Amino acid sequence: MTDYGEEQRNEREALESIYPDSFTVLSENPTSFTITVTSEAGENDETVQATLKFTYAEKYPDEIPLYELFSQENLEDNDVTDILKLLQEQAEENLGMVMIFTLVSAVQEKLNEMVDQIKTRREEEKRQKEKEAEEAEKQCFHGTPVTIENFLSWKAKFDAEVLENRRKKMKEEEQSGKNKLTGKQLFETDHNLDTSDIQFLEDAGNNVEVDESLFQEMDDLELDDEEDDPDYNPMNLDSD
(Lines give C-alpha, C1' and ligand atoms only; values in the text may rest on other atoms or scores of the structure.)
Protein backbone atom coordinates (compact mmCIF):
# COMPACT_ATOMS: atom_id res chain seq x y z
CA MET A 1 0.00 0.00 0.00
CA THR A 2 1.33 3.37 -1.00
CA ASP A 3 2.20 5.79 1.80
CA TYR A 4 1.13 9.06 0.17
CA GLY A 5 2.12 11.16 3.17
CA GLU A 6 5.69 9.93 3.14
CA GLU A 7 6.08 10.49 -0.62
CA GLN A 8 4.74 14.01 -0.23
CA ARG A 9 7.14 14.80 2.68
CA ASN A 10 10.13 13.46 0.78
CA GLU A 11 9.30 15.55 -2.29
CA ARG A 12 8.75 18.66 -0.21
CA GLU A 13 12.18 18.30 1.42
CA ALA A 14 13.78 17.87 -2.00
CA LEU A 15 12.02 20.95 -3.37
CA GLU A 16 13.11 23.09 -0.42
CA SER A 17 16.75 22.16 -1.10
CA ILE A 18 16.44 22.78 -4.87
CA TYR A 19 14.63 26.14 -4.54
CA PRO A 20 15.88 27.56 -1.19
CA ASP A 21 15.23 31.19 -2.11
CA SER A 22 11.90 30.80 -3.90
CA PHE A 23 10.14 28.01 -1.96
CA THR A 24 7.50 29.23 0.51
CA VAL A 25 5.18 27.06 2.63
CA LEU A 26 1.63 28.38 2.85
CA SER A 27 -0.05 25.63 4.93
CA GLU A 28 0.66 22.20 6.44
CA ASN A 29 -2.70 20.49 6.16
CA PRO A 30 -3.25 20.22 3.34
CA THR A 31 0.31 20.83 2.28
CA SER A 32 0.42 23.98 0.15
CA PHE A 33 3.42 25.96 -1.06
CA THR A 34 4.64 28.33 -3.78
CA ILE A 35 7.71 28.28 -6.01
CA THR A 36 8.77 31.40 -7.88
CA VAL A 37 10.32 30.88 -11.32
CA THR A 38 12.19 33.62 -13.20
CA SER A 39 13.34 33.46 -16.78
CA GLU A 40 16.86 34.09 -17.93
CA ALA A 41 17.58 37.75 -18.76
CA GLY A 42 16.87 38.80 -22.31
CA GLU A 43 18.97 40.98 -24.58
CA ASN A 44 17.90 44.15 -22.78
CA ASP A 45 17.89 42.49 -19.34
CA GLU A 46 14.14 41.99 -19.46
CA THR A 47 12.75 39.00 -17.57
CA VAL A 48 9.40 37.33 -16.98
CA GLN A 49 8.40 35.73 -13.73
CA ALA A 50 5.73 33.36 -12.47
CA THR A 51 4.92 32.21 -8.95
CA LEU A 52 3.27 28.78 -8.99
CA LYS A 53 1.10 27.52 -6.14
CA PHE A 54 0.72 23.80 -5.51
CA THR A 55 -1.54 21.95 -3.07
CA TYR A 56 -1.20 18.22 -2.56
CA ALA A 57 -4.30 16.12 -3.17
CA GLU A 58 -4.92 13.38 -0.55
CA LYS A 59 -3.70 10.59 -2.84
CA TYR A 60 -0.95 12.54 -4.64
CA PRO A 61 0.96 11.40 -6.72
CA ASP A 62 -1.80 9.11 -7.91
CA GLU A 63 -3.97 12.24 -8.11
CA ILE A 64 -3.00 15.44 -9.87
CA PRO A 65 -2.07 18.21 -7.39
CA LEU A 66 -4.00 21.45 -7.40
CA TYR A 67 -2.05 24.20 -9.13
CA GLU A 68 -2.52 27.84 -10.08
CA LEU A 69 -0.53 30.84 -11.24
CA PHE A 70 -0.29 32.69 -7.94
CA SER A 71 1.32 35.86 -9.37
CA GLN A 72 3.29 36.94 -12.42
CA GLU A 73 5.38 39.75 -13.89
CA ASN A 74 5.55 40.92 -17.51
CA LEU A 75 3.31 38.15 -18.78
CA GLU A 76 0.40 38.79 -21.10
CA ASP A 77 -2.96 37.05 -20.82
CA ASN A 78 -2.16 34.61 -23.61
CA ASP A 79 1.13 33.75 -21.85
CA VAL A 80 -0.75 32.89 -18.66
CA THR A 81 -3.11 30.67 -20.64
CA ASP A 82 -0.17 28.87 -22.24
CA ILE A 83 1.46 28.20 -18.85
CA LEU A 84 -1.71 26.74 -17.33
CA LYS A 85 -2.20 24.54 -20.39
CA LEU A 86 1.40 23.33 -20.10
CA LEU A 87 0.93 22.43 -16.42
CA GLN A 88 -2.17 20.40 -17.27
CA GLU A 89 -0.37 18.45 -20.01
CA GLN A 90 2.66 17.71 -17.84
CA ALA A 91 0.54 16.65 -14.86
CA GLU A 92 -1.43 14.16 -16.96
CA GLU A 93 1.75 12.72 -18.47
CA ASN A 94 3.40 12.23 -15.05
CA LEU A 95 0.40 10.93 -13.11
CA GLY A 96 1.50 8.28 -10.58
CA MET A 97 4.94 9.84 -10.02
CA VAL A 98 6.02 12.81 -7.92
CA MET A 99 5.91 15.63 -10.47
CA ILE A 100 6.33 19.09 -8.94
CA PHE A 101 9.96 19.44 -10.04
CA THR A 102 8.98 18.34 -13.56
CA LEU A 103 6.16 20.88 -13.68
CA VAL A 104 8.35 23.73 -12.44
CA SER A 105 11.14 22.84 -14.88
CA ALA A 106 8.69 22.87 -17.79
CA VAL A 107 7.46 26.32 -16.77
CA GLN A 108 11.07 27.52 -16.46
CA GLU A 109 11.78 26.52 -20.06
CA LYS A 110 8.53 28.13 -21.19
CA LEU A 111 9.46 31.44 -19.56
CA ASN A 112 12.85 31.41 -21.29
CA GLU A 113 11.06 30.91 -24.60
CA MET A 114 8.72 33.79 -23.79
CA VAL A 115 11.65 36.15 -23.25
CA ASP A 116 12.84 35.35 -26.77
CA GLN A 117 9.29 35.80 -28.04
CA ILE A 118 9.09 39.18 -26.32
CA LYS A 119 12.24 40.24 -28.15
CA THR A 120 10.82 39.01 -31.47
CA ARG A 121 7.47 40.66 -30.77
CA ARG A 122 9.09 44.00 -29.95
CA GLU A 123 11.24 43.85 -33.07
CA GLU A 124 8.13 43.11 -35.15
CA GLU A 125 6.25 45.98 -33.54
CA LYS A 126 9.19 48.28 -34.24
CA ARG A 127 9.31 47.22 -37.90
CA GLN A 128 5.55 47.69 -38.21
CA LYS A 129 5.73 51.21 -36.78
CA GLU A 130 8.60 52.09 -39.08
CA LYS A 131 6.65 50.74 -42.06
CA GLU A 132 3.55 52.73 -41.10
CA ALA A 133 5.62 55.89 -40.67
CA GLU A 134 7.26 55.32 -44.07
CA GLU A 135 3.89 54.80 -45.74
CA ALA A 136 2.52 57.96 -44.10
CA GLU A 137 5.52 59.95 -45.30
CA LYS A 138 5.10 58.65 -48.85
CA GLN A 139 1.45 59.60 -48.75
CA CYS A 140 2.32 63.16 -47.71
CA PHE A 141 4.82 63.65 -50.53
CA HIS A 142 3.17 61.74 -53.34
CA GLY A 143 -0.51 62.20 -52.59
CA THR A 144 -3.10 60.16 -54.44
CA PRO A 145 -1.78 58.48 -57.61
CA VAL A 146 -3.34 59.96 -60.76
CA THR A 147 -5.34 57.54 -62.86
CA ILE A 148 -7.49 58.12 -65.93
CA GLU A 149 -10.62 57.63 -63.85
CA ASN A 150 -9.83 60.10 -61.04
CA PHE A 151 -8.40 62.65 -63.53
CA LEU A 152 -11.60 62.62 -65.61
CA SER A 153 -13.65 62.93 -62.45
CA TRP A 154 -11.57 65.90 -61.29
CA LYS A 155 -11.77 67.58 -64.75
CA ALA A 156 -15.54 67.23 -64.87
CA LYS A 157 -15.88 68.93 -61.50
CA PHE A 158 -13.40 71.63 -62.50
CA ASP A 159 -15.21 72.39 -65.78
CA ALA A 160 -18.54 72.56 -63.96
CA GLU A 161 -17.13 75.06 -61.45
CA VAL A 162 -15.67 77.23 -64.24
CA LEU A 163 -18.97 77.22 -66.11
CA GLU A 164 -20.91 78.11 -62.96
CA ASN A 165 -18.54 81.00 -62.18
CA ARG A 166 -18.99 82.35 -65.73
CA ARG A 167 -22.77 82.20 -65.42
CA LYS A 168 -22.69 84.05 -62.13
CA LYS A 169 -20.39 86.73 -63.56
CA MET A 170 -22.57 87.23 -66.65
CA LYS A 171 -25.67 87.45 -64.48
CA GLU A 172 -24.02 90.03 -62.23
CA GLU A 173 -22.88 92.12 -65.22
CA GLU A 174 -26.32 91.91 -66.76
CA GLN A 175 -27.96 92.95 -63.52
CA SER A 176 -25.46 95.78 -63.09
CA GLY A 177 -26.21 97.07 -66.62
CA LYS A 178 -29.94 97.09 -65.96
CA ASN A 179 -29.54 99.13 -62.80
CA LYS A 180 -27.22 101.75 -64.37
CA LEU A 181 -29.26 104.81 -65.63
CA THR A 182 -28.35 107.02 -68.57
CA GLY A 183 -28.00 110.82 -68.20
CA LYS A 184 -31.42 111.32 -69.72
CA GLN A 185 -32.94 108.78 -67.33
CA LEU A 186 -31.32 110.57 -64.39
CA PHE A 187 -32.90 113.89 -65.37
CA GLU A 188 -36.25 112.23 -65.98
CA THR A 189 -36.26 110.55 -62.58
CA ASP A 190 -34.78 113.45 -60.56
CA HIS A 191 -36.19 116.89 -61.62
CA ASN A 192 -33.99 118.68 -59.11
CA LEU A 193 -31.10 118.18 -61.52
CA ASP A 194 -32.75 120.71 -63.92
CA THR A 195 -32.08 123.61 -61.57
CA SER A 196 -29.15 122.25 -59.57
CA ASP A 197 -26.59 124.64 -61.13
CA ILE A 198 -28.83 127.69 -60.70
CA GLN A 199 -29.57 126.73 -57.12
CA PHE A 200 -25.85 126.39 -56.46
CA LEU A 201 -25.17 129.95 -57.69
CA GLU A 202 -28.06 131.40 -55.71
CA ASP A 203 -26.89 129.68 -52.56
CA ALA A 204 -23.33 130.91 -53.08
CA GLY A 205 -24.35 134.59 -53.69
CA ASN A 206 -21.40 136.96 -53.57
CA ASN A 207 -19.23 134.33 -52.05
CA VAL A 208 -18.32 132.84 -55.42
CA GLU A 209 -14.62 133.39 -55.94
CA VAL A 210 -13.19 133.75 -59.43
CA ASP A 211 -9.55 133.25 -60.16
CA GLU A 212 -8.85 136.29 -62.43
CA SER A 213 -5.42 134.98 -63.31
CA LEU A 214 -7.13 132.47 -65.52
CA PHE A 215 -8.31 135.31 -67.77
CA GLN A 216 -5.25 137.60 -67.76
CA GLU A 217 -3.78 136.01 -70.86
CA MET A 218 -6.96 136.18 -72.92
CA ASP A 219 -5.52 138.99 -75.09
CA ASP A 220 -2.62 136.77 -76.08
CA LEU A 221 -4.90 134.10 -77.48
CA GLU A 222 -5.16 134.01 -81.26
CA LEU A 223 -8.90 133.98 -81.73
CA ASP A 224 -10.44 134.27 -85.17
CA ASP A 225 -12.64 137.35 -85.34
CA GLU A 226 -15.23 136.65 -87.93
CA GLU A 227 -16.18 140.35 -88.10
CA ASP A 228 -12.65 141.23 -89.28
CA ASP A 229 -13.04 138.84 -92.20
CA PRO A 230 -13.75 140.92 -95.35
CA ASP A 231 -15.84 138.07 -96.73
CA TYR A 232 -17.88 137.70 -93.53
CA ASN A 233 -21.60 138.07 -94.17
CA PRO A 234 -23.90 137.20 -91.26
CA MET A 235 -26.78 136.63 -93.71
CA ASN A 236 -24.95 133.67 -95.16
CA LEU A 237 -24.92 131.71 -91.84
CA ASP A 238 -28.14 129.89 -92.62
CA SER A 239 -26.85 128.76 -95.97
CA ASP A 240 -24.00 126.72 -94.52
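Just the heavy atoms: all of them, side chains too, but no hydrogens, waters or symmetry mates, feed the values below. None of the values given here were measured: they were computed from a predicted structure.
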Atom CG of Leu152: over 12 foreign heavy atoms under 6.0 Å: yes
Between the main-chain N or O of Ala14 and the side-chain N or O of Ser17, is there a donor-acceptor pair closer than 3.5 Å? yes
Do Phe151 and Val162 share a hydrophobic cluster, counting only Ile, Leu, Val, Met, Phe, Trp and Tyr and linking them when any side-chain heavy atoms are less than 4.5 Å apart? yes
Do Leu26 and Leu66 sit in the same hydrophobic cluster, where Ile, Leu, Val, Met, Phe, Trp and Tyr count as joined when their side-chain heavy atoms come under 4.5 Å apart? no
Report yes or no: do Tyr4 and Met99 belong to one cluster of Ile/Leu/Val/Met/Phe/Trp/Tyr joined by side chain heavy-atom distances under 4.5 Å? no
Apply the test side chain to side chain contact (heavy atoms under 4.5 Å, CB included) to residues Phe54 and Val104: give CA-CA distance (whole Å), side-chain angles for both, the deciding distance (0.1 Å), then the verdict. CA-CA 10 Å; Phe54 298 98; Val104 174; 3.9 Å; yes
Here the gap from Leu69 atom CG to Leu84 atom CG, rounded to the nearest 0.5 Å, amounts to 6.0 Å
Salt bridge between Glu125 and Lys129, side-chain N to carboxylate O under 4.0 Å? no
Please identify each residue that fulfils salt bridge (Lys or Arg N to Asp or Glu O under 4.0 Å) with Lys155, with sequence neighbours left out. Asp159
Would a 4.5 Å heavy-atom cut-off, applied to side chains only, mark Val115 and Glu40 as touching? no
In the single-linkage hydrophobic clustering (I, L, V, M, F, W, Y; side-chain heavy atoms under 4.5 Å), do Ile64 and Ile100 co-cluster? yes
Output all residues satisfying ring-ring contact (aromatic ring centres under 6.0 Å, His included) with Phe101, sequence neighbours left out; order by chain, then residue number. none
Indicate the atoms forming the closest heavy-atom contact of Asn112 with Ser39, along with that distance. OD1-CA, 3.4 Å
Tell me which pairs pass salt bridge (Lys or Arg N to Asp or Glu O under 4.0 Å) where either residue lies in residues 71-87, with sequence neighbours left out. Glu76-Arg121
Please name the pair of heavy atoms, one in Thr55 and one in Lys53, separated by the smallest distance, quoted to 0.1 Å. OG1-CE, 4.2 Å
Hey, could you give me the OG1/CG distance between Thr38 and Asp21, rounded to the nearest 0.5 Å? 10.5 Å
Answer yes if the side chains of Tyr60 and Glu7 hold a donor-acceptor pair under 3.5 Å, and no otherwise. no
CD of Glu13 to CG of Leu15, rounded to nearest 0.5 Å, is 10.0 Å
What one should report as the nearest heavy-atom pair of Glu28 and Arg12 is OE1-NH1, 2.7 Å
Provide the closest heavy-atom pair for Val107 versus Leu87 in the form atom of the first, atom of the second, distance. CG2-CD2, 3.6 Å
Could you walk me through whether Arg127 and Glu130 pass the salt bridge (Lys or Arg N to Asp or Glu O under 4.0 Å) check? CA-CA 5 Å; Arg127 284 194 295 267; Glu130 291 175 350; over 6 Å; no
Taking Gln8 for the side chain and Ala57 for the main chain, is one N or O donor matched with an acceptor at less than 3.5 Å? yes
Looking just at side-chain N and O atoms, do Glu124 and Gln128 make a donor-acceptor pair shorter than 3.5 Å? no
Is it the case that over 12 heavy atoms from other parts of the model lie below 6.0 angstrom from the CZ atom of Phe70? no
Any non-hydrogen side-chain atom of Leu75 less than 4.5 Å from a side-chain atom of Ile83? yes
May I ask you to check whether Thr36 and Thr51 show a side-chain donor-acceptor distance below 3.5 Å? yes
Show the numbers, then the answer: is there a side chain to side chain contact (heavy atoms under 4.5 Å, CB included) between Leu111 and Thr47? CA-CA 8 Å; Leu111 294 182; Thr47 60; over 6 Å; no
With a 4.0 Å cut-off on N to O distance, would you call Arg9 and Glu6 a salt bridge? no
Check against side chain to side chain contact (heavy atoms under 4.5 Å, CB included), Leu52 and Leu103: CA-CA 10 Å; Leu52 306 174; Leu103 300 183; 6.0 Å; no
Can you list the steps and then say if Glu164 with Arg167 is a side chain to side chain contact (heavy atoms under 4.5 Å, CB included)? CA-CA 5 Å; Glu164 182 64 22; Arg167 288 176 178 173; 4.3 Å; yes
Is there a continuous path of hydrophobic side-chain contacts, each under 4.5 Å between heavy atoms, that joins Ile148 to Phe158? yes
Does the plane of the ring in Tyr56 sit parallel, tilted or perpendicular to the ring in Phe33? Use 30° and 60° as the thresholds. perpendicular
Between the CG atom in Leu163 and the CZ atom in Arg166, the distance rounded to the nearest 0.5 Å is 7.5 Å
Rounded to the nearest 0.5 Å, what separates atom CD in Glu16 from atom OG1 in Thr24? 10.0 Å
